[in-house]
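Computed from a prediction, not measured in an experiment: that's the story for all the values here. Proteins get letters first, then strands, A, B, ... in listed order; numbering begins at 1 in each.
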There are 2 protein chains.
Amino acid sequence: MIRIVIAEDQGLVLGAIAALLALEADFAIVGRAGDGDAALDLVRTLTPDILLTDIEMPGRTGLDCAQILATERARTAVMIVTTFARPGYLARARAAGVRGYLLKDAPVDTLVAAIRTVAAGGRVIPPELAAAAWEAGSDPLTDRERDALRLAEEGLSNKDIARRLGLSPGTVRNYLSEAAGKLGAANRIEAGRTARANGWL
Amino acid sequence: MIRIVIAEDQGLVLGAIAALLALEADFAIVGRAGDGDAALDLVRTLTPDILLTDIEMPGRTGLDCAQILATERARTAVMIVTTFARPGYLARARAAGVRGYLLKDAPVDTLVAAIRTVAAGGRVIPPELAAAAWEAGSDPLTDRERDALRLAEEGLSNKDIARRLGLSPGTVRNYLSEAAGKLGAANRIEAGRTARANGWL
DNA sequence: GCCCGGCAGTGACAGATGTCACCTCCCGGC
DNA sequence: GCCGGGAGGTGACATCTGTCACTGCCGGGC
């Protein structure tokens with residue numbers, strides 16, 4: 001029996017995936033979580049073979065969970081199932097020792113097959129995602145640039161961003177200008193978009 | 001038997017919801033579609049009792065489908081299942097005669113119960129969504145303001161937007177300024193965010 | 001016939017943003 | 001002990017944005 005915990009914030013999707021996997025004779029859904037913290041609790045108490053988790057959830061993300069479980073040397077293999085093919089997400093997943101990375105776009109057979117592969121000790125990362133991640137390179141932004149960009153995305157002015165970060169407006173301007181330069185963007189909006197598309201925000 | 005067609009672009013979610021609904025003895029999943037056009041074809045050829053559809057899909061959206069089926073006086077009841085609680089979406093759905101509007105956040109029981117209600121001739125719209133839609137009011141933007149805002153969101157400058165829309169940069173500036181005013185936003189970024197959050201883009 | 005609203009534009013102005021050069025600190029590596 | 005890089009900053013400059021006033025054209029409603 002392959003013992004599985006599923007974490008996913010959208011109740012309908014959580015229930016549906018659980019129903020789908022329950023159809024497989026050798027799968028046992030031993031727990032369900034609606035956010036990252038609940039997922040961690042379940043994994044710690046149940047030590048399932050596999051944690052199947054979304055990335056974007058309230059509280060801790062699936063990637064956060066993977067990182068934490070990696071430092072705890074948990075015996076549970078983490079598999080990510082997400083909507084987003086963002087290179088930065090894949091990179092962080094790999095760094096956190098994630099054993100599978102699937103898109104919600106994929107047909108259902110893929111998920112079932114991937115779970116069996118991971119349960120058998122394997123690794124599943126779609127080659128086209130790996131290629132895109134390779135092409136995108138790694139996150140060029142510094143922490144402060146990321147901070148500034150995140151606030152700029154929300155429509156705050158340099159002055160407001162400065163206030164929030166405890167900086168001078170000039171410094172904020174410099175950070176955003178630098179970030180735009182690194183990302184090949186003409187302005188803060190484009191910079192925010194490309195950073196987000198790459199999973200760097 | 002309640003005959004159902006499901007439309008959803010994320011293969012995994014599509015398959016999972018189909019698996020979930022197939023567990024109900026009185027439900028028959030007669031068709032699955034990965035985009036709006038395929039959904040329309042299926043509804044026309046199979047005339048199911050219910051079309052269960054996502055909104056954001058490649059090609060025609062679920063709302064587009066609902067509108068088209070409404071003009072065709074199709075006997076199929078349309079139910080929307082979406083991630084987004086945007087007032088504008090709900091408003092358009094109601095205008096298109098949609099019979100059910102559910103969030104993917106909801107627990108699975110809700111979906112099953114809602115399908116039975118709609119199949120029996122009822123209507124399902126969560127009261128908290130209806131309240132939010134009421135509060136948000138209706139879309140204050142004109143078509144041209146929407147066009148300009150959509151391009152502004154992508155980081156284009158006034159000059160670039162003007163070129164794309166065949167306008168003068170000054171006119172674009174006026175549209176964006178007007179839109180920001182109507183939306184109570186301090187700049188184009190905030191304006192874009194609130195318009196999108198309300199489902200007006 | 002008049003008024004309103006959407007669409008399109010111009011001109012002027014203040015303030016925000018983007019770019020660049022150049023500065024100081026501090027920390028870690030060699 | 002020196003160098004580089006990240007963090008934080010300043011000043012100057014050009015350009016872009018946001019705001020306002022005021023123009024004109026068209027079409028629909030009363």
* Examine the side chains of N174(A) and T171(A) and answer whether a donor and an acceptor come within less than 3.5 Å of each other. => no
* To do: Determine whether the side chains of N158(B) and R163(B) contain a donor N or O and an acceptor N or O closer than 3.5 Å.
  => no
* Asked: Which is true for S168(A) with a 4.0 Å heavy-atom rule: it touches a base, it touches only sugar-phosphate, or it touches nothing?
  -> sugar-phosphate
* Electrostatic pair E8(B):K104(B) at N-O distance under 4.0 angstrom -> yes
* Does T142(A) make a side-chain N or O approach to OP1 or OP2 of dA7(D) shorter than 4.0 Å? -> yes
* Is the CD atom of E128(B) crowded by more than 12 outside heavy atoms at less than 6.0 Å? -> yes
* Could you tell me the separation between the CG atom of L165(A) and the P atom of dA7(D), rounded to a whole number of Å? => 12 Å
* **Quiz item: cation-pi between R92(A) and Y89(A), 6.0 Å / 45°** => no
* Taking only the side-chain nitrogens and oxygens of Y175(A), find out if one of them lies under 4.0 Å from OP1 or OP2 of dA7(D). => no
* How long is the span from the CD1 atom in I189(A) to the CD atom in E153(B), to the nearest 0.5 Å? -> 9.0 Å
* Return the value, rounded to whole Å, for the distance between atom CG of L141(B) and atom P of dG5(C). => 16 Å
* **DNA chain C: 5'-proximal contact among D143(B) and P169(B) (nearest heavy atom)** => D143(B)
* Asked: Within the structure, does a side-chain N or O atom of R144(A) lie under 4.0 Å from either OP1 or OP2 of dG6(D)?
  -> no
* nucleotides 12-20 of chain D: protein proximity per nucleotide (B base, S sugar-phosphate only, - neither; heavy atom, under 4.0 Å) -> B---SSBBB
